[in-house]
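This report refers to the structure that appears directly beneath it.
Residue numbers begin at 1 in each chain, while the letters A, B, ... track the order of the sequences.
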Number of protein chains: 2
Amino acid sequence: MPRPREFDEDRVVLAVRDEFWDKGYAATSMDDLLRVSGLGKGSLYGAFGDKHRLFLRVLRDYDDANLRGLRERLDAAPRGVDVVREFVLGVAGDPTGAAARRGCLLANSTAELATSTPDVAAEARRSYDAITAILTEALARAQREGDVDPGADPAGIARAVLAAQLGVMALGRTGMDVAELDAVARSALTRLLPTPSR
Amino acid sequence: MPRPREFDEDRVVLAVRDEFWDKGYAATSMDDLLRVSGLGKGSLYGAFGDKHRLFLRVLRDYDDANLRGLRERLDAAPRGVDVVREFVLGVAGDPTGAAARRGCLLANSTAELATSTPDVAAEARRSYDAITAILTEALARAQREGDVDPGADPAGIARAVLAAQLGVMALGRTGMDVAELDAVARSALTRLLPTPSR
DNA sequence: GGTGTTCTGGACGGCATGGTCAAGAACTCC
DNA sequence: GGAGTTCTTGACCATGCCGTCCAGAACACC
């Protein structure tokens, strides 16, 4: 009996996400969000609550999608080590450098907001823990597949790989040349994932 | 002949820096800055220009101080490799975790502003290039001192070390337990700086 | 077609924002 | 002590901000 919604919730979340991603949380105004979403104030507030709650919703959806993607890539990958390598190399994957300059919404948000907004820090921990778990699984598989030194600790490598990826991402955000960024990623990977001598 | 200033410029820059550091650029209001600096509007604007110019001044001073510190540590260090290790381990150096949660002003600012503010991205490139140069020098020295594989490329390791440090810092900002953060840093270092087999 | 429910769009309010400006104060040099 | 210069204080402005609210619209069910 109620009047049905005229907008698709997921579409709105994506549009709003891009705005937050490009401008940062504090620099994004509600007017910006209304513009990119195409909604009126009543609709946006009614469906998502205030700016802070909307942002958290956007962030959670973003993280969940990323985690799902990583998991799917691992399940589909012929070799576990490929997923790990792609996880780091992907940062410099866009030859135009636009993706590298944009960085990761979660990483950007954590850097901007972690001090003042515990919710965001907690979300980041949750997400990074989950990524570490998947990477650990990938590395354990890589050991069985003979691509990683079987004597190493997969969880230890996983954390180092995650740190390396975050670091490459931070460098990418400075606008560093993509070729150079790719070199940084490869340099880190070469040392973090030494091929077992066979 | 002119009336002398009643404030110390460097003290103001430091006070303002802490405010930007804790709240981020956009979330810091001019009123905040007036409060922590103790200045009136006319004085602050007269001495530093608007918010954006003041911020850039703060960021440059911060970077310069960091670079000077790194350089001095290298000049004073008994072994080149110690500087490199400390560069990464220092992120988890404060046992309370407060420093790790706070992160680095430059890294935080780059994540928040790089897209919208080319000045900040350029400053970050300048700073990271300079850090890479010092780390490269430290690693070359470490090779001569027998602490790093002489066959490796110092510049390549330096970039990977910088990425690892930035990554550990990003994780520290999430509020990750300090002991765990320290473990990540050590895990990365162990693999990036293998002791030469002698 | 009437009724109850939710959705929509925008008007509105109150406040915080960044930045300007002017009037007077503090100092040095002559 | 007068003149010239810069510094200080805070009033002031225009705008932008977030969030509330309400009158009307759109639907499902009876």
Report all side-chain donor-acceptor pairs from residues 149-162 of chain A shorter than 3.5 Å, counting only partners two or more places apart or in another chain.
| unit_1 | atom_1 | unit_2 | atom_2 | d |
| --- | --- | --- | --- | --- |
| A:Asp149 | OD1 | A:Gly151 | N | 2.9 |
| A:Asp153 | OD1 | A:Ala155 | N | 3.3 |
| A:Asp153 | OD2 | A:Gly156 | N | 3.0 |

### Message
Between B:Lys23 and A:Glu112, does any side-chain N to carboxylate O distance fall below 4.0 Å?
### Response
no

### Message
Quick check against the 3.5 Å criterion: does B:Tyr25 have a side-chain atom that pairs as donor or acceptor with the backbone of B:Phe20?
### Response
no

### Message
Regarding A:Asp182 and A:Arg186, does a basic nitrogen lie under 4.0 Å from an acidic carboxylate oxygen?
### Response
yes

## Note on the structure
From CZ of A:Arg53 across to P of D:dT20 the rounded distance in Å is 11 Å

### Task
Mind calculating the distance between CG (A:Leu54) and P (D:dC18) to the nearest angstrom?
12 Å

### Query
Can you check the A:His52 NE2 to D:dG19 P distance for me, whole Å?
11 Å

#### Entry: d(CZ, A:Phe48; C1', D:dC18) in whole Å
18 Å

## Note on the structure
The correct set of residues in residues 28-37 of chain B placing a heavy atom under 4.0 Å from DNA chain C is B:Thr28, B:Ser29, B:Met30, B:Asp31

### Task
Would you list the pairs meeting side-chain hydrogen bond (donor to acceptor under 3.5 Å, both in side chains) in which at least one residue belongs to residues 80-95 of chain B, sequence neighbours left out?
B:Asp94-B:Thr96

### Query
In B/S/- notation, 5' to 3', how is nucleotides 4-10 of chain C contacted by protein heavy atoms closer than 4.0 Å?
BBBBSBB

### A:Arg71/A:Asp75 ion pair, N-O < 4.0 Å
yes

### Query
In whole Å, what is the span from the OH atom of B:Tyr45 to the C1' atom of D:dT9?
15 Å

Under 3.5 Å donor-acceptor pairs involving side-chain atoms of residues 170-181 of chain B, not counting sequence neighbours:
| unit_1 | atom_1 | unit_2 | atom_2 | d |
| --- | --- | --- | --- | --- |
| B:Arg173 | NE | A:Ala111 | O | 3.0 |
| B:Arg173 | NE | B:Asn108 | OD1 | 3.2 |
| B:Arg173 | NH1 | A:Thr115 | OG1 | 2.9 |
| B:Arg173 | NH1 | B:Arg101 | O | 2.6 |
| B:Arg173 | NH1 | B:Arg102 | O | 3.3 |
| B:Arg173 | NH2 | A:Ala111 | O | 2.9 |
| B:Arg173 | NH2 | A:Thr115 | OG1 | 3.1 |
| B:Thr174 | OG1 | B:Leu171 | O | 2.6 |
| B:Thr174 | OG1 | B:Met176 | N | 3.4 |
| B:Asp177 | OD2 | B:Ala179 | N | 3.1 |
| B:Asp177 | OD2 | B:Glu180 | N | 3.3 |

### Query
With sequence neighbours left out, what residues match A:Tyr128 under ring-ring contact (aromatic ring centres under 6.0 Å, His included)?
none

